[in-house]
Every structure is written in structure tokens, then in C-alpha cells.
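For reference, the structure discussed in these notes is given below.
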Amino acid sequence: AAVLGRHLTMLRDLVDRMLSEVGLAAGKQRRERIAVTTFVDEIAAAGNLYSEQRHIRFTVEPVDSTLTVDADPQLLASAVMNLLQNAFTHTPAYGTVVLRAQARGQRLLVEVEDECGGIPEGTGDLFQPFGERRGTDRSGLGLGLSIARKAVRAHNGDILVRNMPGKGCVFAIDVPLAAAHAPLFA
């Protein structure tokens, strides 16, 4: 059952990545107003499955219930899930992965913090598809970060990386908050 569960999860991830890539290539986006709390709750439910499979503590920090974004929910969820999958893959068992979403001015930052030990110097462009940066880990196709960045850029945002050598790293998705619901001060 555990093996079947892992394989079904991997298959779902592959299908989600390819649907995102096809949607981006075709310029097909379905924008709608999304409550960030609901969005994070749905991501957290999927993240809990990964954390249990990998024996990793998964923490989701509270989210301001007034925050909203105008986005394609599938594309944005795909980007966040790619970051979480990487965090779960590279964090050792019994380590911790944290998901947080917060406003910074008129922007939403969705951060995934892991305990991967940090990104080694000379790794190169993390967002380059099929790069040798994967080292010995060949569990994925090497497309996740590239697709995630494309999805976030389609939302007028970007993905930022903060390396914490010896500890881990933080990948942050930075997208605009919905104009009518953006806080005046942050």
C-alpha cells in the first residue's frame, strides 16, 4: 500500500507538472480571486501526505484571512507544490519543512523553508531545466523549478531563493496581492 501510494503521488505530480507546462505554453490561464487561507489549506493537505511518506515535520504558519490574489489556482498551486516537493526530497528524515504566506506591501510571499543543508556553491542556475544540479538524485525529471518559475512569472511575480549554508534554504514565491484586498501598510 505504501509503495502504491508513493507511485500514485509521483504519477499525480508528473501529470500536474505537464498540465502546467502545456497551459503555460498555450497561454491558457484561468484567473480568479483566491483566498490565500483556502489556497494554503489545500496545499497543506497535499503537503501532509508528502511529509508522512518522508518522515518530515511539516509546519504551516497561520495566514491572514483577509489576503487574496488574482491567479490561476492550478498554476499557482503547481508552483508551490514543486517547491514543497523539492523541500521534502532534500530534507533528511525527521527534519522540518515550513510553509508560510504573508503580505509584504502590495505583494504576497509564499515561502517554503527546508533543512536541506543549503545549496552548494557552484550549483549553477537552479531554474535551468535538466541541469546537472540534481547530483545523484534522479527521482524527478529536473523540470520542477523551471516550470514553477514560468508559472509564477505568468502571475507577474518571481521566485526568490535565500540560501542558509549548513542549515537549508528558503524559496519564496512573490506575486501581487489582489488590488481591492491589498493591505495599505505592511
Side-chain angles (χ1 to χ4, degrees), residues 2-3 5-14 16-18 20-21 36 39-63 75-104 107-153 155 157-175:
V3 171
R6 280 193 305 273
H7 283 88
L8 287 174
T9 301
M10 289 169 44
L11 182 59
R12 185 191 69 205
D13 295 342
L14 178 61
D16 285 347
R17 283 185 180 143
M18 293 304 105
S20 294
E21 182 69 17
V36 176
F39 177 77
V40 169
D41 287 346
E42 290 171 3
I43 296 292
N48 282 322
L49 295 173
Y50 287 100
S51 68
E52 289 172 9
Q53 288 176 354
R54 304 274 308 178
H55 305 288
I56 294 173
R57 288 181 297 278
F58 180 46
T59 303
V60 181
E61 293 186 359
V63 178
L75 281 180
L76 196 56
S78 173
V80 176
M81 285 308 300
N82 273 307
L83 299 183
L84 278 174
Q85 290 163 4
N86 282 347
F88 291 131
T89 298
H90 298 290
T91 297
Y94 308 105
T96 301
V97 170
V98 178
L99 174 64
R100 67 179 68 88
Q102 58 196 349
R104 290 258 172 87
R107 311 287 295 179
L108 173 69
L109 287 182
V110 179
E111 297 180 329
V112 175
E113 182 175 342
D114 64 31
E115 293 181 347
C116 69
I119 301 167
E121 282 191 42
T123 299
D125 183 2
L126 296 171
F127 299 95
Q128 183 68 32
F130 302 113
E132 287 303 311
R133 65 184 164 14
R134 293 186 301 159
T136 58
D137 179 3
R138 300 290 180 195
S139 59
L141 296 175
L143 293 172
L145 289 176
S146 176
I147 293 171
R149 176 172 263 175
K150 287 178 189 174
V152 172
R153 285 184 171 170
H155 289 89
D158 207 350
I159 299 179
L160 314 168
V161 182
R162 188 173 74 235
N163 189 23
M164 301 178 295
K167 183 180 183 328
C169 53
V170 178
F171 283 80
I173 291 175
D174 175 356
V175 293

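Values below: all heavy atoms of this structure, side chains included; hydrogens, waters and symmetry mates excluded. Because the structure is a prediction, the values reported are computed rather than measured. All residue numbers in this chain count up from 1 along the given sequence.
- The structure places CD1 of I56 at 8.0 Å from OG1 of T89, a figure rounded to the nearest 0.5 Å.
- Not one N or O on the side chain of H55 forms a donor-acceptor pair closer than 3.5 Å with the backbone of S51.
- Between H155 and L76, the closest heavy-atom pair is CE1-N, 4.2 Å.
- The CG atom of D174 sits 5.5 Å away from atom CG of L160, with the distance rounded to the nearest 0.5 Å.
- Aromatic ring centres of Y50 and F58: separated by at least 6.0 Å.
- Under the 4.5 Å side-chain criterion, counting only non-hydrogen atoms from C-beta, L126 is in contact with I119.
- For the pair L145 and N82, the minimum side-chain heavy-atom distance is 4.5 Å or more.
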Next item on the list: Any chance you could lay out the side-chain contact (heavy atoms from CB on, under 4.5 Å) test for L99 and T59, step after step, and finish with the verdict?
Entry: CA-CA 6 Å; L99 174 64; T59 303; over 6 Å; no

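- Considering CD1 of I147 and CE of M81, their distance stands at 14.0 Å, rounded to 0.5 Å.
- Expressed to the nearest 0.5 Å, how far CG of L83 lies from CD1 of I173 amounts to 4.5 Å.
- In this structure, F171 CZ and R162 CZ are separated by 11.5 Å, a value rounded to the nearest 0.5 Å.
- Interatomic distance, S78 OG to K150 NZ, rounded to the nearest 0.5 Å: 12.0 Å.
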Next item on the list: Apply side-chain contact (heavy atoms from CB on, under 4.5 Å) to V97 and V112, showing your working.
Entry: CA-CA 7 Å; V97 170; V112 175; 4.2 Å; yes

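- Shown here are the side chain to side chain contact (heavy atoms under 4.5 Å, CB included) partners of C116, two or more places apart in sequence or in another chain: H90, D114, C169.
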Note to self: For a side-chain contact (heavy atoms from CB on, under 4.5 Å) check, start with the C-alpha distance between R54 and T91, then their side-chain angles and the critical distance, and finish with the verdict.
What the structure shows: CA-CA 9 Å; R54 304 274 308 178; T91 297; over 6 Å; no

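- Contact detail for G168 and N163: the closest heavy-atom pair is O-OD1, 3.6 Å.
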Check: Could you walk me through whether V63 and Q102 pass the side-chain contact (heavy atoms from CB on, under 4.5 Å) check?
Finding: CA-CA 7 Å; V63 178; Q102 58 196 349; over 6 Å; no

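- Residue pairs meeting the salt bridge (Lys or Arg N to Asp or Glu O under 4.0 Å) criterion with at least one partner in residues 93-103, sequence neighbours excluded, are E61-R100, R100-E111, R100-E113.
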